[in-house]
Trainee: 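The structure that follows is given in the form of structure tokens.
In this text, all values refer to a predicted model and were calculated from it rather than measured experimentally. Order of listing sets the numbers, starting from 1, for every ligand and every atom in it. Counting begins at 1 with the first residue of the sequence.
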Amino acid sequence: MAKRGTTSIDLARLSLSHGEGARLDVLVELDPLELGGQTYVLRGDALETRVDASRPSNGYAFRLRFPFRLEGPCMRCLEPAIVETEVDAREVDQADTEDEELRSPYVVEDRVDLSRWAHDAVVLATPSRILCRADCAGLCPVCGESLNDADPENHKHLSDRDPRWAKLDELKSE
Ligand SMILES: [Zn+2]
Ligand SMILES: [Zn+2]
């Protein structure tokens with residue numbers, strides 16, 4: 001799958017003085033995500049992100065916000081599922097510090113890598129189990145049909161078994 005272009009913010013071009021801030025609306029493309037062995041794609045062409053950048057005293061503070069909608073298979077029944085939520089993430093990046101906690105991994109050489117930050121933020125904001133509905137019943141473990149709209153009576157495969165098989169099981173366990 002072709003990698004999309006990287007979107008970043010050039011901090012030098014923002015040329016913020018101490019105490020100043022800037023707000024930017026930036027479109028960020030998102031590659032399909034692989035989660036739990038399934039592929040999820042963004043609804044829409046790109047993430048419509050809002051970035052707030054400011055220079056408190058030393059270095060930068062950033063806030064990244066955007067709503068998003070992912071589509072892909074339900075992790076239980078494989079029917080279409082949707083994740084719709086919002087990201088509200090913050091980063092700080094202080095200059096001249098050895099403290100890794102105060103450096104943002106997304107700021108490299110005076111550029112904020114919005115593509116990578118937005119990607120990671122989407123992964124963090126996405127539930128670990130993506131379901132078509134909270135009470136998705138999943139697939140029948142015997143025949144593989146979705147149980148969501150099924151009559152449970154039709155999937156009592158074990159108890160439907162020919163009684164002669166049960167007899168055989170008894171013999172085997174003796
Ligand atoms: Zn489901
Ligand atoms: Zn079944």
Side-chain angles (χ1 to χ4, degrees), residues 1-9 23-53 62-92 101 104-108 112-174:
M1 204 167 295
K3 199 88 182 125
R4 302 198 189 205
T6 298
T7 305
S8 64
I9 294 173
R23 170 167 287 179
L24 303 157
D25 290 325
V26 189
L27 289 175
V28 179
E29 291 184 323
L30 186 77
D31 285 318
L33 300 177
E34 296 285 335
L35 301 167
Q38 305 292 341
T39 303
Y40 296 87
V41 294
L42 186 71
R43 176 72 171 272
D45 291 333
L47 300 166
E48 295 180 12
T49 73
R50 166 155 289 181
V51 184
D52 290 294
F62 304 98
R63 186 177 187 191
L64 174 65
R65 284 176 285 180
F66 57 89
F68 70 92
R69 194 175 147 123
L70 289 180
E71 296 177 333
C74 170
M75 288 180 179
R76 276 191 201 144
C77 74
L78 304 179
E79 289 295 311
I82 290 166
V83 172
E84 194 161 22
T85 183
E86 290 183 12
V87 157
D88 186 349
R90 291 169 192 269
E91 284 287 320
V92 288
E101 289 283 297
S104 168
Y106 306 115
V107 180
V108 178
V112 185
D113 187 341
L114 271 190
S115 295
R116 203 154 57 84
W117 187 8
H119 168 273
D120 291 354
V122 165
V123 172
L124 282 175
T126 299
S128 54
R129 294 199 67 76
I130 297 171
L131 301 177
C132 60
R133 59 193 207 202
D135 62 347
C136 172
L139 302 176
C140 171
V142 178
C143 71
E145 255 179 58
S146 172
L147 297 176
N148 283 325
D149 304 309
D151 181 350
E153 290 299 317
N154 294 336
H155 293 276
K156 287 184 175 170
H157 301 288
L158 285 175
S159 46
D160 282 350
R161 281 204 323 178
D162 189 313
R164 279 171 297 180
W165 286 108
K167 192 76 197 161
L168 197 65
D169 285 344
E170 273 171 40
L171 291 174
K172 265 193 251 168
S173 59
E174 272 166 12

Trainee: Can you list, pair by pair, the side-chain donor-acceptor contacts under 3.5 Å of residues 74-86, counting residues two or more places apart and other chains?
Mentor:
unit_1	atom_1	unit_2	atom_2	d
R76	NH1	C136	O	2.9

Trainee: Relative to the Zn ion (ligand 2), how many protein N, O or S atoms have a separation of less than 2.8 Å?
Mentor: 4

Trainee: Return the set of residues passing salt bridge (charged side-chain N to carboxylate O under 4.0 Å, His left out) with D25 (not counting sequence neighbours), or none when no residue passes.
Mentor: R50

Trainee: Could you tell me the separation between the CD atom of E29 and the OG1 atom of T6, rounded to the nearest 0.5 Å?
Mentor: 10.0 Å

Trainee: Which side-chain N or O atoms in residues 114-126 pair as donor and acceptor under 3.5 Å with protein atoms at least two apart or in another chain?
Mentor:
unit_1	atom_1	unit_2	atom_2	d
S115	OG	T7	N	2.6
R116	NH2	P105	O	2.5
D120	OD2	Y106	OH	2.7
T126	OG1	V122	O	2.6

Trainee: Which is it for E145 and L139 under the side chain to side chain contact (heavy atoms under 4.5 Å, CB included) test, yes or no, and what are the steps along the way?
Mentor: CA-CA 5 Å; E145 255 179 58; L139 302 176; over 6 Å; no

Trainee: Report, rounded to 10°, the angle at the Zn ion (ligand 1) between the two atoms SG (C136) and SG (C77).
Mentor: 110°

Trainee: Please note down the angle at the Zn ion (ligand 1) between SG of C132 and SG of C74, to the nearest 10°.
Mentor: 110°

Trainee: Calculate, to the nearest 0.5 Å, the distance between atoms CD and OH belonging to E34 and Y40 respectively.
Mentor: 9.5 Å

Trainee: Just say parallel, tilted or perpendicular for the rings of H155 and H157, cut-offs at 30° and 60°.
Mentor: perpendicular

